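This report refers to the structure that appears directly beneath it.
What you see is a predicted model, and the numbers here were worked out from it, not measured in a lab.
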Amino acid sequence: MDEVILKIESNIWQLVPDENKIGIMDGLSGIALFYYNLYEVFKNEDYKNKLLIIIDKINTLIHEEHTSATLCSGIAGYGLMLLRIKNNFIDVNEEYFTNIDLFLQCELDELASENKYDYLHGAMGIAKYFLERYKTKKNDLVIEILYKFSHEFIEKINAKFEDVVREPVFTDQHCYYLGLAHGAAGYINFLIDLKRNFKELKLDIKKPLYIISDFLMNYKRVHSSSKQFYPNLIILETDLQIEPIVSWCQGDLGISNALFNLGLYFNDNSIRYEAVELVNNVTRILSDDSGVKDYTFCHGSIGIILQYDLASSNMSINFSDSINEWSGILDQQTKKFNEFLTYYDGSYMKEVNLLNGLAGLGMGVLTLKKQSSFQWLDIFNLH
């Protein structure tokens, strides 16, 4: 087995006892997904046993503690993980999933009623669970939940997208996010994913997609510090634009993924060219100007490398020079995969999750070695 994977896995297992969140991005479910992929690749029973231990721990946490509903750190993420692995390792009966459905239905309705649609922490992320559920079991309850959500969601976007995308920030202010994780670009990818996979959705999504893309492109301009075209967010009370780092969650790489998918959906070469332009521009940003301080998926090197690799596949353009450059930076950051530290709020710490930690690095390495497909990236709204 690859020595790098062995080092990553060993460090992950040391940190699992201290992880008490259950979600798929920020929690044990993402770590479980990593072990599932390890077992699928290497057929090592030790990885299967560790996966089952993690699932047992998640169940204990659910019964002992209040658990959030979100895709990022809560029940929706746990449910999505179970749906991805259930036919292979564990026997999860339909009643168990129905209980998850009913809990998440209430949370989805409440969040949607308050226009809290954020993909990581709000209604779109929970709807992602139901979309995965629909793909595996088209029962009446799941269809009803997705139908109600999707029609209300699209109608709100058509009425006034600004009210939908508006989010609180910095305690007492509000903002528009533009990036893939929390913002307008994420709405584009989510809507296309919803339309392609939820066959009962009869509403046309062209109008809301045009509304969102017009909203997004209204903010395009070159920013002197970040050297990117799109800001991370705009503070509504002051019109202050916060510049992005080079990353998945914010900035031009994630936005380019959404615009490329939009161009494919509309069969519009000009939109696809716009997406390619964004990626090409990011390739010219020096690492010292990128704002990147660690190896992680969300804000770090492995996320950048994976996005270049995905863009190479989607766009049929060779971004190997950028992949090699950032692979060298990744080597430096991890001291050739011997030290794994996540940067947060001015200091470095150990993290184990998919989003900001070792599980994301592990999945990234498996993907770059072609031992895992790009499919898992749809968890992060990358397509």
Determine all donor-acceptor pairs shorter than 3.5 Å in which one atom belongs to a side chain in residues 184-198; sequence neighbours excluded.
{"unit_1": "Tyr187", "atom_1": "OH", "unit_2": "Val164", "atom_2": "O", "d": "3.4"}
{"unit_1": "Asn189", "atom_1": "OD1", "unit_2": "Asn261", "atom_2": "ND2", "d": "3.0"}
{"unit_1": "Asn189", "atom_1": "ND2", "unit_2": "Asn257", "atom_2": "OD1", "d": "2.8"}
{"unit_1": "Asn189", "atom_1": "ND2", "unit_2": "Asn381", "atom_2": "O", "d": "2.8"}
{"unit_1": "Asp193", "atom_1": "OD1", "unit_2": "Asn197", "atom_2": "ND2", "d": "2.8"}
{"unit_1": "Asp193", "atom_1": "OD2", "unit_2": "Lys128", "atom_2": "NZ", "d": "3.0"}
{"unit_1": "Lys195", "atom_1": "NZ", "unit_2": "Leu201", "atom_2": "O", "d": "3.1"}
{"unit_1": "Lys195", "atom_1": "NZ", "unit_2": "Leu203", "atom_2": "O", "d": "2.9"}
{"unit_1": "Asn197", "atom_1": "ND2", "unit_2": "Asp193", "atom_2": "O", "d": "3.0"}

N/O donor to acceptor pairs below 3.5 angstrom from side-chain atoms of residues 349-363, sequence neighbours left out:
{"unit_1": "Glu351", "atom_1": "OE1", "unit_2": "Asn353", "atom_2": "ND2", "d": "3.2"}
{"unit_1": "Asn353", "atom_1": "OD1", "unit_2": "Leu355", "atom_2": "N", "d": "3.1"}
{"unit_1": "Asn353", "atom_1": "OD1", "unit_2": "Asn356", "atom_2": "N", "d": "2.5"}
{"unit_1": "Asn353", "atom_1": "OD1", "unit_2": "Gly357", "atom_2": "N", "d": "3.3"}
{"unit_1": "Asn353", "atom_1": "ND2", "unit_2": "Asp26", "atom_2": "OD1", "d": "2.9"}

Which pairs of donor and acceptor atoms, one on a side chain in residues 138-149, lie under 3.5 Å apart (sequence neighbours left out)?
{"unit_1": "Asn139", "atom_1": "OD1", "unit_2": "Leu141", "atom_2": "N", "d": "3.1"}
{"unit_1": "Asn139", "atom_1": "OD1", "unit_2": "Val142", "atom_2": "N", "d": "2.8"}
{"unit_1": "Asn139", "atom_1": "ND2", "unit_2": "Glu94", "atom_2": "OE2", "d": "3.4"}

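Of the possible donor and acceptor atoms, one in the side chain of Gln228 sits under 3.5 Å from a partner among the backbone N and O of Ile245. A donor-acceptor contact shorter than 3.5 Å links the side chain of Lys57 to the backbone of Val16. At least one donor-acceptor pair under 3.5 Å links the side chain of Thr60 to the backbone N or O of Asp56. In this structure, the side chain of Lys336 does not engage the main chain of Gln333 through any donor-acceptor pair within 3.5 Å. Not a single donor-acceptor pair under 3.5 Å links the side chain of Thr296 to the backbone N or O of Thr342.
Every residue two or more places apart in sequence or in another chain that forms a side-chain contact (heavy atoms from CB on, under 4.5 Å) with Gln241 is listed here: Tyr219, Arg221, His223, Pro231, Ile234. With sequence neighbours excluded, the residues satisfying side-chain hydrogen bond (donor to acceptor under 3.5 Å, both in side chains) with Tyr134 are Glu200.
Between Tyr47 and Tyr36, the ring center distance fails the sub-6.0 Å criterion. Checked against the 6.0 Å centroid criterion, the rings of Trp13 and Tyr35 qualify as a close aromatic pair.
Sorted by first then second residue, the ring-ring contact (aromatic ring centres under 6.0 Å, His included) pairs that include residues 236-258, not counting sequence neighbours, are Trp248-Phe297, Trp248-Phe380.
Side-chain N/O atoms of Asn37 and Ser372 include a donor and acceptor closer than 3.5 Å. Side-chain contact annotation: Glu237 with His174, donor-acceptor N/O pair under 3.5 Å present.
Between Phe319 and Tyr308, the ring planes are tilted. Angles from 30° to 60° get that label.
Classification of Arg272 and Asp268 as a salt-bridged pair fails, no side-chain N sitting under 4.0 Å from a carboxylate O. With respect to Arg84 and Asp378, a salt bridge is recorded, a charged nitrogen being found less than 4.0 Å from a carboxylate O. Between Asp101 and Lys137, no side-chain nitrogen of the basic residue sits less than 4.0 Å from a carboxylate oxygen of the acidic one, so the salt-bridge criterion is not met. No salt bridge links Lys156 with Glu152; every basic N to acidic carboxylate O contact stays at or beyond 4.0 Å. A salt bridge does not link Lys160 with Glu162: none of the charged nitrogens is closer than 4.0 Å to a carboxylate oxygen.
Between Ser313 and Phe374, some side-chain heavy-atom pair lies under the 4.5 Å cut-off. In this structure the side chain of Lys206 reaches within 4.5 angstrom of the side chain of Phe266, judged on heavy atoms. His299 has its side chain within reach of Gln250: a pair of non-hydrogen atoms, C-beta onward, lies under 4.5 Å apart. Between Lys50 and Glu9 the shortest side-chain heavy-atom distance falls below 4.5 Å.
To the nearest 0.5 angstrom, Asp214 atom CG is 9.0 Å from Tyr210 atom OH.
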**OP:** Take Thr367 and Trp376 through the test side chain to side chain donor-acceptor pair (under 3.5 Å) and record every step on the way to the result.
**Re:** CA-CA 9 Å; Thr367 305; Trp376 69 279; 2.7 Å; yes

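One hydrophobic cluster, built from ILVMFWY side chains closer than 4.5 Å, cannot hold both Tyr273 and Tyr230; they sit in different ones.
Around NZ of Lys335, the count of heavy atoms belonging to other residues, nucleotides or ligands within 6.0 Å does not exceed 12.
Figure legend: cation-pi geometry between Lys220 and Phe229, with NZ or CZ positioned under 6.0 Å from the six-membered ring centre and within 45° of its axis.
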